[in-house]
Protein chains: 2
Amino acid sequence: MPANNQNNLNNGISVDCVIFGFDFEKLQILLIEREPGKKDNPLDYALPGDLIYNDENLDQAANRVLKELTGLENIYLEQSAAFGSLDRTQRESDRAWLESVRDQPDLRVITISYYSLVNINAFDPKPSSFASKLVWKPVAEIEDLAFDHFDILNQALDNLRNRLKIRPIGFNLLPEKFTLSQLHKLYEAILGRELDKRNFRRKMAKLDLVVRLDEKQQGVPHKPSNFYKFNTENYQKLIEEGYDNFGF
Amino acid sequence: MPANNQNNLNNGISVDCVIFGFDFEKLQILLIEREPGKKDNPLDYALPGDLIYNDENLDQAANRVLKELTGLENIYLEQSAAFGSLDRTQRESDRAWLESVRDQPDLRVITISYYSLVNINAFDPKPSSFASKLVWKPVAEIEDLAFDHFDILNQALDNLRNRLKIRPIGFNLLPEKFTLSQLHKLYEAILGRELDKRNFRRKMAKLDLVVRLDEKQQGVPHKPSNFYKFNTENYQKLIEEGYDNFGF
DNA sequence: AATCTTTGTGTCATTTTAACACTTTGCTAA
DNA sequence: TTAGCAAAGTGTTAAAATGACACAAAGATT
């Protein structure tokens, strides 16, 4: 055994997933609603996440945990950051919860966060395991989360925004067919600021990342908008050329 | 104890530091030269890094390890990524080394990497502990490293380049007084491509990030160049305004 | 005095960005 | 049927940023 207890290697490693979704209005995030503790605490939300196994690597763990807790599979997942503050599991409400689900609630746990972008309408979140209840929450309305998950969320959002300047990953949040207005609103939702409609469309057109389909919206009480799809080939071409100015 | 051995929590966590330095010519990186093993292996280099303690957080660990192994203290350190492949410690030459320095050489270890930028002339690397010998190596000449450290290096370089578009962190690599040519070469070294001299200077001037000093180079066999220093106040101002286009 | 090396500087053409308003389409309600 | 409503869709102009490009000036060396 090690000589000093500072180095007794009794560490846990977890992954936490920040799952962004878009409902054509606001940027949302998928959270686990935890049972309120003994006290009449307000409702309490946490990111989907869990300890990793010893025989899987980090990406595998993130995919597994996500599947186990939400049913999501084969989705875009990007590593975000590592969090390892000593006090990250020391809040009272969190400790009670840990005691109910962990063999070693006192274990010091370092977490690796991932973020993901999904089409909010394309899947049916299936709570399981200790994720008793899954809910989508608008990111902008979240003020706190369990553990240090609020920090993790903000970090992920920051990474997402930076990434969006370099890669057009936002398309992951949309269904296969979408309108330019939806795409426009998506960028505004992620970036948290307004973008001029004409300038947005001009740049999108120049990038040549979308293809106009011969199909329109139906049943809307106004001029129906045209559907588009993502142009994978052109995207690949741009990336191979080293192009990386996808920002607004 | 846990029910299944997949989840026995027997994990180690380490930090590895990618220390970039600049000698006014090439981008360099600080490496530990390991004793060749029993075989007549070629020389072998690794990133400074070690297991973290249970009573310190990640940033503390990175700072401590860096100080212990190199003598470097109070320097810019940015978290880069987490690496946790199952086979990252399975190379033969690495295992021999682990057996000589670790209590539990078989421990599965996940590492959090940090990168740092230092002025290569401003400190005297002091090898200690098991870092028997420290050397600077030009990044461009490195073809492989111990463990998965080559991957870690490339990831850090990628992060550094992305970061440089958003924040003028390159100044950390220079002494307090520097010439515009040195700054220019630094950007070229980090980005790995040539930049037009006049365009570079024009943009630097517009950003107003450097202040001209009333002092020139001496003893150079050509027109001496003027010294400048970094303008911290203007930098703060730009950041507060939300400006983030520092790229070239 | 001539030579050498690196510093330091300006212009022009092109591209990118920002600001800005009205017509069109299809549905809805009177 | 028609008037009104709501969102879609579209172009111009000015300002800023970028990219390409060449030569004179300074100081050291011979």
Side-chain angles (χ1 to χ4, degrees), chain A residues 23-26 164-166 168 174 177-189 191-229 238 241-248, chain B residues 23-26 164-166 168 174 177-189 191-229 238 241-248:
Chain A
D23 62 357
F24 300 140
E25 287 295 330
K26 294 173 175 177
L164 198 64
K165 289 178 192 167
I166 294 176
L174 293 173
K177 297 176 200 171
F178 50 85
T179 70
L180 288 184
S181 295
Q182 290 167 348
L183 183 59
H184 182 199
K185 270 193 194 141
L186 168 59
Y187 269 80
E188 290 185 328
L191 297 176
R193 62 189 160 88
E194 289 197 350
L195 300 171
D196 179 85
K197 181 165 56 160
R198 278 174 289 189
N199 293 341
F200 177 82
R201 291 163 100 107
R202 172 161 35 84
K203 176 143 188 182
M204 257 313 149
K206 190 182 56 75
L207 290 174
D208 204 13
L209 279 182
V210 294
V211 181
R212 185 190 180 111
L213 301 176
D214 198 13
E215 188 182 349
K216 290 181 178 186
Q217 265 185 328
Q218 285 185 350
V220 287
H222 54 74
K223 177 171 176 178
S225 106
N226 220 291
F227 281 115
Y228 288 77
K229 66 169 186 180
L238 281 172
E241 288 169 7
Y243 187 85
D244 72 349
N245 177 17
F246 294 95
F248 284 91
Chain B
D23 63 357
F24 300 141
E25 287 295 329
K26 294 173 173 175
L164 199 63
K165 290 178 190 165
I166 295 175
L174 293 172
K177 295 177 200 171
F178 50 84
T179 71
L180 289 184
S181 295
Q182 290 167 347
L183 184 59
H184 182 200
K185 270 192 193 143
L186 167 60
Y187 269 81
E188 290 185 328
L191 297 175
R193 61 189 161 88
E194 290 196 351
L195 300 171
D196 179 86
K197 180 164 56 159
R198 280 175 289 191
N199 293 341
F200 176 81
R201 290 163 102 106
R202 170 159 38 94
K203 175 140 188 183
M204 258 312 151
K206 191 182 55 72
L207 291 175
D208 204 14
L209 279 180
V210 293
V211 181
R212 184 190 181 111
L213 301 176
D214 198 13
E215 186 180 351
K216 290 181 177 186
Q217 265 186 326
Q218 287 186 348
V220 286
H222 56 74
K223 178 171 174 176
S225 105
N226 219 292
F227 281 115
Y228 287 78
K229 67 169 185 179
L238 282 172
E241 287 169 8
Y243 187 86
D244 71 349
N245 177 17
F246 294 96
F248 284 92

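This one's a predicted model, so the numbers in the text were calculated from it and none came from an experiment. So you know, we letter chains A, B, ... as the sequences are listed, proteins then strands, and number each from 1.
C:dC12 atom C1' lies 14 Å from atom CG of B:D196, rounded to whole Å. Rounded to a whole Å, the CZ atom of B:F24 is 16 Å from the C1' atom of C:dT6. Atoms CZ (B:F200) and P (C:dG8) sit 12 Å apart, rounded to a whole Å. The distance between atom CZ of A:R193 and atom C1' of C:dA19, rounded to the nearest whole Å, is 15 Å. In this structure, the CD atom of B:Q182 is 15 Å from the C1' atom of C:dG8, given to the nearest Å.
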Side chain to side chain contact (heavy atoms under 4.5 Å, CB included) between A:F178 and A:V210: does it pass, once the steps are laid out?
CA-CA 10 Å; A:F178 50 85; A:V210 294; 3.9 Å; yes

Worked check of side chain to side chain contact (heavy atoms under 4.5 Å, CB included) between B:T179 and B:F227
CA-CA 5 Å; B:T179 71; B:F227 281 115; 3.9 Å; yes

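Although no hydrogens or angles enter the test, the distance criterion places no donor-acceptor pair under 3.5 Å between the side chain of A:Q182 and the main chain of A:F24. Looking only at distances, a side-chain donor or acceptor of A:D23 sits under 3.5 Å from a matching main-chain atom of A:K26.
Between A:Y187 and A:F248, the two ring planes are perpendicular [angle over 60°; tilted spans 30° to 60°].
Annotation: the span from B:Y228 atom OH to B:E215 atom CD amounts to 13.0 Å, rounded to 0.5 Å.
Taking 4.0 Å as the cutoff to heavy atoms of chain A, we find the contact window on DNA chain D bounded by D:dA6 to D:dG11.
Residue-to-nucleotide contacts include no donor-acceptor pair under 3.5 Å from the side chain of B:K223 to the base of C:dG8.
Counting only heavy atoms from C-beta on, B:R198 has its side chain closest to C:dG10 among C:dC20, C:dT24, C:dG10.
Across all their heavy atoms, B:F200 and B:L180 have their closest contact at CE2-O, 4.1 Å.
Using a 4.5 Å heavy-atom cutoff, the side chains of B:K229 and B:K177 are not in contact. The shortest distance between side-chain heavy atoms of B:N245 and B:K203 falls below 4.5 Å.
Taken residue by residue, residues 202-221 of chain B places no heavy atom nearer than 4.0 Å to DNA chain C.
Comparing B:T179 and B:N199 by the nucleotide of DNA chain C that holds the closest heavy atom to each, the one mapping nearer the 5' end is B:T179.
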